[in-house]
Amino acid sequence: MPRPFEPYADALRTAREIVRERAGAVVEAAVRADSQAFDEACNILVVRIAEAIVDAGEAGRGHGLGRGSEAA
């Protein structure tokens with residue numbers, strides 16, 4: 001089974017950390033039934049994860065690996 005290219009594995013670890021950091025804000029807004037705060041917290045969470053994925057993609061291109069390439 002091929003190993004994932006390291007930056008993508010790093011992006012997954014980073015996404016997990018981001019969820020741990022931001023989950024409290026999402027839960028707090030949900031408990032308060034504050035839809036505006038909930039939407040804002042969710043948006044921040046999604047944007048930070050998306051940034052991690054984009055950064056990993058850019059790192060992958062920097063290593064000459066494109067879609068469908070396998071790491072050794």
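Ile53 and Val19 fall within a single hydrophobic cluster, where Ile, Leu, Val, Met, Phe, Trp and Tyr are joined by side-chain heavy atoms under 4.5 Å apart, directly or via other members.
When the shell of 6.0 Å around CZ of Arg13 is examined, it contains more than 12 heavy atoms from other residues, nucleotides or ligands.
Considering CZ of Arg22 and CD of Glu17, their distance stands at 14.5 Å, rounded to 0.5 Å.
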For residues 35-48, dump all side-chain donor-acceptor pairs below 3.5 Å to protein atoms at least two apart in sequence or in another chain.
unit_1	atom_1	unit_2	atom_2	d
Asn43	ND2	Asp39	O	3.2
Arg48	NH1	Glu21	OE1	3.0
Arg48	NH2	Glu21	OE1	3.1

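Side-chain atoms of Thr14 and Asp55, non-hydrogen and from C-beta on, never get closer than 4.5 Å to each other.
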